[in-house]
Asks: 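Can you keep this structure in mind? I'll have questions shortly.
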Amino acid sequence: MTSGRIHGHVLSPRSGGGLRWEPDSALSWSDGLLLDAAGAGELALSEAGLLLVPGLIDAHVHMPQYRVRGRFQDALLPWLREHIWPEEARFSDRPYREAVAAEFRDGMLAAGTTAALVWGSPHDESAHAVLNDLAPVCVRGGDVLMDRNSPPELTRSTEDGLRSAAEHTSQYGARYALTPRFVPTCTTELLRGLGRIAAGSDVLVQTHLAENLDEVAWVAQLHPDARSYLDVYDQAGLLGPRTVLAHCIHLDEVDLQRLADTRTWIAHCPTSNVALGSGRMPLERVLAAGVRVALGTDVGAGPELSMLDVMACFLDMQAAVPGVRPTLALELATLAGAQAMGEGARRGTLESGRAADLVALRLPGGLRRGETPDEVLARVLDAFAGRWEDAVAAVFIGGQRVT
Ligand code: GUN
Ligand code: ZN
C-alpha cells in the first residue's frame, strides 16, 4: 500500500528550521510521498496514541561488523586487530556475506532505521552487497579501501583499489561512497587518487577521523609534514559537503574551522565512543565553529543498531552542552542524517512531497496534558531504554509498511 493514512501525535524537524508538533493529528501519503493535508487513504494502522516521527537515519554503520557488535574493548586499535578484521575477512565468502546482509537489514528495520550510510567490508564485491542487498532501507555506501598496515587478505594494491573505486563510481554514481578506512591503513597515493575521483563525480566520501589518541599519534608519525590528521584528508582533496567523517574527537580549532569552511559532515557516534573509551566529542566547540553533525551507531563498536539508543546516549553524554535536548537528538538522527547522505531534499522530515518514511513509536499511557515534544521524546527514551525494538510499533518506507 503506497497510499495510506495513520493517526498519532506528529513530531518532526522542519527542513527550514523549527519543529512540526501536532498532537492528535494524522499523516497521509499517496504514491509513497507524504501529502499536505490528512487525506482519506486507507488506515494503515489502528493502534492509538502513537508518536509519529520521521524514519531514523544512521549516518555511520558497518554491515560486516553486525555479528560481532558490542565486543567492548579498551581501545580502538587492538579491537580492530582482534575482533573486527578477522570477522571482515569472512566477507569474501558470498553466502556468509548474504546471510549477514539479511540479518543486518532486518535489524535496521526492527530498529526503525529507514536510511543509512553503510560501510561494507574491504572486498570489491562488498559494494554490491551494500547497495543491492539492503532494500527497502535507503542505502548509500561502499566497500572499504586499505592499501597498507592491514592484514594481507584485506589489503588491496593502490592500483586495484583505485580501479575498483572508479568502476563503482561510474556504476552507482551518487549512491556510492568512497570509503578509505582511515589514514593509518591508506597511503597518500590512494587518498589522493580517491580525491581526484570525488572531484570529478557526485559520489560521497566516508572515513574515520581522530577517534583515539593512539591513532592520532600513529598518523602524526606516518605524516610528520602534515599540520594535523585532518590535514592529510584535506591535502588529498577529500573534504567537502559530500564527505562524512566519523568521530572527530581530538581536533583543534584550525581543524574545526576547516570542517566548517568546507561544509564537511561529522558523524558523531556516542555509543561507540563509550564502548571503546574513545572520549567525548567536543560538541560545544563543534557547534560553535558551525560544523554540521549527524548521528551514527557505528555498529559494531556501537553495541546496538537502534538510533534511539544513540539518541539517549547523546543526550546523556552531551547534557551539559547548551541547546542539547531530545528534539535536537531527533533532528540529528533524521534530517541531519538525510542531508549528510545526500538525501536531504527527499527524506528526513515529515513534510509534504517527501518520502513517506516514518516510525510510529509507542508512548506509554498516551500523551499527557500540556506535555512538550521534548518531554514526550524523553519519556519514550526512558521507557524503552535497553529494549529499543519494543518502542517501535510500525515502520513505513515510501509508504510501505516494513515492520
Ligand atoms: N577506525 C578505523 N576503522 C574503524 C572501524 O571499523 N570502527 C571504528 N569505530 N573506528 C575505526
Ligand atoms: Zn566506524
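Note that these values count all heavy atoms, side chains included, but never hydrogens, waters or copies made by symmetry. Counting starts at 1 for both ligands and their atoms, in listed order.
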Asks: Calculate the angle formed at the Zn ion (ligand 2) by NE2 in His208 and NE2 in His60; 10° precision is enough.
Replies: 100°
Asks: Under a 4.0 angstrom heavy-atom cut-off, which atoms of ligand 1 come close to His62?
Replies: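 Numbered from 1, ligand 1 contributes 5 (C), 6 (O), 7 (N).
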Asks: Where do Glu47 and Arg362 land on the salt bridge (charged side-chain N to carboxylate O under 4.0 Å, His left out) test, with the steps shown first?
Replies: CA-CA 9 Å; Glu47 196 169 327; Arg362 297 199 168 92; 3.2 Å; yes
Asks: Tell me whether the Zn ion (ligand 2) has His62 as a neighbour, meaning an N, O or S atom of it below 2.8 Å.
Replies: yes
Asks: Which residue supplies the protein heavy atom nearest to atom 7 (N) of ligand 1, what is that atom called, and how far is it?
Replies: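 Protein heavy atom with the smallest distance to atom 7 (N) of ligand 1: Trp79 CZ3, 3.4 Å.
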Asks: Under a 4.0 Å N-O cut-off, is there an ion pair linking Arg105 with Glu103?
Replies: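 A salt bridge is absent here (no side-chain N lies under 4.0 Å from a carboxylate O).
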Asks: Decide, counting backbone as well as side-chain atoms, whether Cys269 has an N, O or S atom less than 2.8 Å from the Zn ion (ligand 2).
Replies: no
Asks: Under 6.0 Å between ring centres: does that hold for His268 and His247?
Replies: no
Asks: Which protein heavy atom lies closest to atom 4 (C) of ligand 1, and at what distance to 0.1 Å?
Replies: His208 CE1, 3.3 Å
Asks: Please check: side-chain N/O of Ser150 versus main-chain N/O of Met146, any donor-acceptor pairing under 3.5 Å?
Replies: no
Asks: What's the shortest distance from atom 10 (N) of ligand 1 to any protein heavy atom, and which residue and atom give it?
Replies: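 It is Glu211 OE1, 2.7 Å.
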Asks: Are the charged groups of Asp255 and Arg227 less than 4.0 angstrom apart, N to O?
Replies: yes
Asks: Sub-3.5 Å donor-acceptor pair from the side chain of Thr264 to the main-chain atoms of Gly240, do we have one?
Replies: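 Between the backbone of Gly240 and the side chain of Thr264 there is a qualifying donor-acceptor contact (under 3.5 Å).
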Asks: Strictly under 4.0 Å, does any heavy atom of Trp119 approach an atom of ligand 1?
Replies: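 False for this residue.
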Asks: Is the contact between Leu76 and ligand 1 made by the side chain, the backbone, both, or neither, using heavy atoms and a 4.0 Å cut-off?
Replies: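 For Leu76, only side-chain atoms sit under 4.0 Å from ligand 1.
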Asks: Side chain of Arg354, backbone of Arg347: donor and acceptor closer than 3.5 Å?
Replies: yes
Asks: With nothing but distance in play, are any N or O atoms of Glu88 less than 3.5 Å from an N or O of ligand 1?
Replies: no
Asks: Find all atoms of ligand 1 within a distance of less than 4.0 Å from any non-hydrogen atom belonging to Phe182, and give their numbers and elements.
Replies: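 Listed by number with element, the hits are 1 (N), 2 (C).
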Asks: Which of the numbered atoms in ligand 1 are under 4.0 angstrom from any heavy atom belonging to Leu80?
Replies: 2 (C), 3 (N), 4 (C), 5 (C), 6 (O)
Asks: Heavy-atom distances under 4.0 Å decide this one: backbone, side chain, both or neither, for Trp85 against ligand 1?
Replies: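 Within the 4.0 Å criterion, Trp85 makes no contact with ligand 1.
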Asks: Could you tell me whether ligand 1 has any atom less than 4.0 Å away from a heavy atom of His247?
Replies: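 Judged by the 4.0 Å heavy-atom criterion, His247 does count as contacting ligand 1.
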Asks: Determine yes or no for a side-chain-to-main-chain donor-acceptor pair under 3.5 angstrom, with Arg20 supplying the side chain and Pro13 the backbone.
Replies: no
Asks: Give the residue, atom name and distance (to 0.1 Å) of the protein heavy atom nearest atom 3 (N) of ligand 1.
Replies: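 Sorting protein heavy atoms by distance from atom 3 (N) of ligand 1 puts Arg181 NE, 2.8 Å first.
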Asks: Among all protein heavy atoms, pick the one closest to atom 9 (N) of ligand 1 and tell me residue, atom and distance.
Replies: Asp298 OD2, 2.7 Å
Asks: Between His123 and Phe91 (judged by ring centroids, cut-off 6.0 Å), do the two rings come close enough to count as a pair?
Replies: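 No, too far apart.
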Asks: Are Arg67 and Tyr96 in a cation-pi setup, meaning NZ or CZ lies under 6.0 angstrom from the ring centre and within 45 degrees of the ring axis?
Replies: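 Yes; both conditions hold, so Arg67 lies above the ring face of Tyr96.
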Asks: Would you confirm whether Glu371, through its side chain, and Arg368, through its main-chain N or O, come within 3.5 Å as a donor-acceptor pair?
Replies: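 Yes: the side chain of Glu371 pairs with the backbone of Arg368.
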Asks: Any N/O/S atom, side chain or main chain, of Asp298 closer to the Zn ion (ligand 2) than 2.8 Å?
Replies: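 Under 2.8 Å: Asp298 contacts the Zn ion (ligand 2) through an N, O or S atom.
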